[in-house]
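Report on the structure given below.
Chain A is the first sequence line, chain B the second, and so forth, proteins listed ahead of strands; every chain is numbered from 1.
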Amino acid sequence: MIKVYLPDNSFKEFEKEPTVLEVASSIGSKLAKDTIGARLNGDKEIIDLRSNVPADSKIEIITAKSVDGREVLRHSAAHVLAQAAQELFPGTQVTIGPVIDSGFYYDFYREEPFTPDDLKALEKKMNHLIKKNAAIEKRVLDRQEAIQTFKKMGEDFKVELIEGLPDSEEVSIYEQGGEWFDLCRGPHVQKTGQIKAIKLLSLAGSYWRGDETKAQLQRVYGTAFESKEALDEHLALLEEAKKRDHRKLGKDLDLFTFHNYAPGSPFFTAKGTTIYNKLVDYMREKYVKYGYDEVITPQVFDVELYHKSGHYENYKENMFFTDVDGREFSMKPMNCPGHCLLFGSKKKSYRELPYRMADFGRLHRYERSGVMHGLTRVRTFCQDDAHVFCRFDQLQDEIVELMKFLNEVYIELGMSEYKVFLSTRPEKRMGSEEIWDKAEGALEKALKALDIPYEVNEGDGAFYGPKLDIMFVDALKRDWQLGTLQADFNLPEAFDLSFVNSENTNERPVMLHRAILGSLERFFGVYLEHTAGRLPLWLSPMQVKVLNVSDVHAEFCKNLVNDFKAAGLRAEFDSRNEKLGYKIREAQLSKTPYMIIVGDNELESGKISVRLRSGEQKDNLDKQEFIKELKEKDLTRSLNL
RNA sequence: GCCCAUAUGGCUCAGUGGUAGAGCACACCCUUGGUAAGGGUGAGGUCGUGGGUUCAAUUCUCACUAUGGGCUCCA
């Protein structure tokens, strides 16, 4: 029996070594017609198509369309890039070139920086190498021989890599057309020509082994596909993402802006503020339903507070400071310490627990200059933040409630796809094993009780407790971290918080940090990209635009707008002296959900004519009924127009 | 913080060693026009900030700031 492992980790068994056709027919449609190949060696009991095997093979099999196939192809493309770089720019040292989510990159060491023109030249050279369809051959080297070889070539990084390989691992190189080779464990495609379509995307700086103190490298990003069509499809997706970029939408739709004087700090325009406030209103309503008390806490604290909470020692680099009256103050980077002070300001009974304290307080965090990004990474923001103080035995129920709350919100916002990650105890942590067991158990049990699938990130928790991170998957299938839920045994201790239990003795509460939308700024940006700026009615800054065909219809329009306003809807009359088509175009570009067109017909009939953002047209509607309908949709936060 | 790139009217961008141009937006006029751009006229810029080179800098150069692509970071 010979076991053949397929690229998707499944396997098939064969009596004897199979031929291409036999393997192909056994896995049916999974075998794409343009296979990109991995080599097989017949004298094995197990044939592993998940990785490469020595050269004298008879069949090739990895399907190009399988994810693994693409990975192999992209990794080979990275090698071709490295060859191109070294041929075009002698003296360039190679380092590593792994496959990433939707492509690959290669890090080079070179004094001279690559320019955008170099990128084009590299791409051209790569296509040339691909066209040559050179064979890619694996060769196993003796470790010392390998070290000597790379040393002689001046490839210091490769030498370091080999020296770091465990003794058990063989040292192999892959040769391309006998003229170039790179240290690699494979696998690779058999011939460069199997890389059908490549594109170099961008240049960036990076560090050797991701270490800021080590050599600065130049990273070239690219992607590769099994066909031109697949590449084009991918590029179209990138194009779409660019169109949806919230920074662009923010400008186009006049929602927010930035200024040199306040790096990383958005100004929300009146329109943007409408959206922002609607989100806050929404969460406030939910707080009533889920039993939260909203509070307001100070913005600036004596740093003594942060010494107490541990933030000064652990988070100083991210805080803004100011000296007044000879005292050192800091803008709050998070609400929790303040909430602890507030909780401790008055004796609490167990009857008051769980105590859920919500706060839309503005936070300031100093982010390093290179990390700011639109609304998704800012220096000032506000979270839909809350801290729940409860007894340990209430933890699990609280978490269940929180996840229900979160799910409800995400569904109502049309964000039904999200992933949950459970981060467990890190190496550096506080608290006993027993407490950690219980806390992790509570999180896990809650997820199970709700039948929520999740992944575990071992050792990724905060030092004060385990956490759940919610990754929202947007319309373009990109992940965004929004919500978070963290158990904390540290702060209640640091602030010596307690409540009086039923036995009339003091007991320490557990604290839960949680945010559902995360930061409102970040959520704003992510939601814009998710919806491509086509916000639901209730969040649209302008809900209805009334457009007149000519001046004689203006009076009717004015009255109409007033009717909408009286119903609590946001409407405006575009009375400008422009043609209808022009006004429609503009309303359309501003992504206003409804346009109402008023001309002679409407004046005569008294009915109204509505054009939806989708282009759909509804004529002869009764005015009052339509207003009623919109009002209903606005109040219920309907996602449909 | 690091590497690279960018910075020109509100926006999108062209351009030049002799202090600037387009389209859109804006204002006014003509046009009264039925579902994605009617026409004309006009106003608007010390070309990111500060040095340097030069007879002369928006243009070359250096520094700084901001933004962008990444790295790193993200309690």
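Positionally, the nearest nucleotide of RNA chain B for A:Ser550 lies more toward the 5' end than for the other of A:Tyr261 and A:Ser550.
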Review point. Can you list the steps and then say if A:Lys583 with A:Asn548 is a side-chain hydrogen bond (donor to acceptor under 3.5 Å, both in side chains)?
Key: CA-CA 9 Å; A:Lys583 293 187 190 182; A:Asn548 57 334; 2.5 Å; yes
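The residue A:Gly210 sits close only to the backbone: its heavy atoms come under 4.0 Å of sugar-phosphate atoms, none of a base.
Other residues, nucleotides and ligands contribute at most 12 non-hydrogen atoms within 6.0 Å of the NZ atom of A:Lys248.
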Can you name the atoms? Protein N/O to nucleotides 2-5 of chain B N/O, anything below 3.5 Å, with the distance.
unit_1, atom_1, unit_2, atom_2, d
B:C2, O4', A:Tyr207, OH, 3.4
B:C2, O2', A:Gln216, OE1, 2.2
B:C2, O2, A:Tyr207, OH, 3.1
B:C3, O4', A:Gln216, OE1, 3.4
B:C3, O4', A:Gln216, NE2, 3.0
B:C3, O2, A:Gly205, N, 3.1

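Of the side-chain N and O atoms in A:His373, one or more sit less than 4.0 angstrom from OP1 or OP2 of B:G69. Residue A:Lys251 has no polar side-chain atom (N or O) positioned under 4.0 Å from OP1 or OP2 of B:G10. Applying the 4.0 Å criterion to OP1 and OP2 of B:G70, one finds that A:Tyr106 has every side-chain N and O outside that range.
Nearest to the side chain of A:Arg219, among B:A75, B:G70, B:G34, sits B:G70. You'll find that the side chain of A:Arg247 is closest to B:G69, out of B:C71, B:G33, B:G69. Considering only the side chain of A:Arg585, B:A37 comes nearest among B:U12, B:A37, B:G34.
Salt bridge present: A:Arg247 and A:Asp245 bring a charged side-chain N and a carboxylate O closer than 4.0 Å. For the pair A:Glu440 and A:Arg425, the salt-bridge criterion is met [side-chain N within less than 4.0 Å of a carboxylate O].
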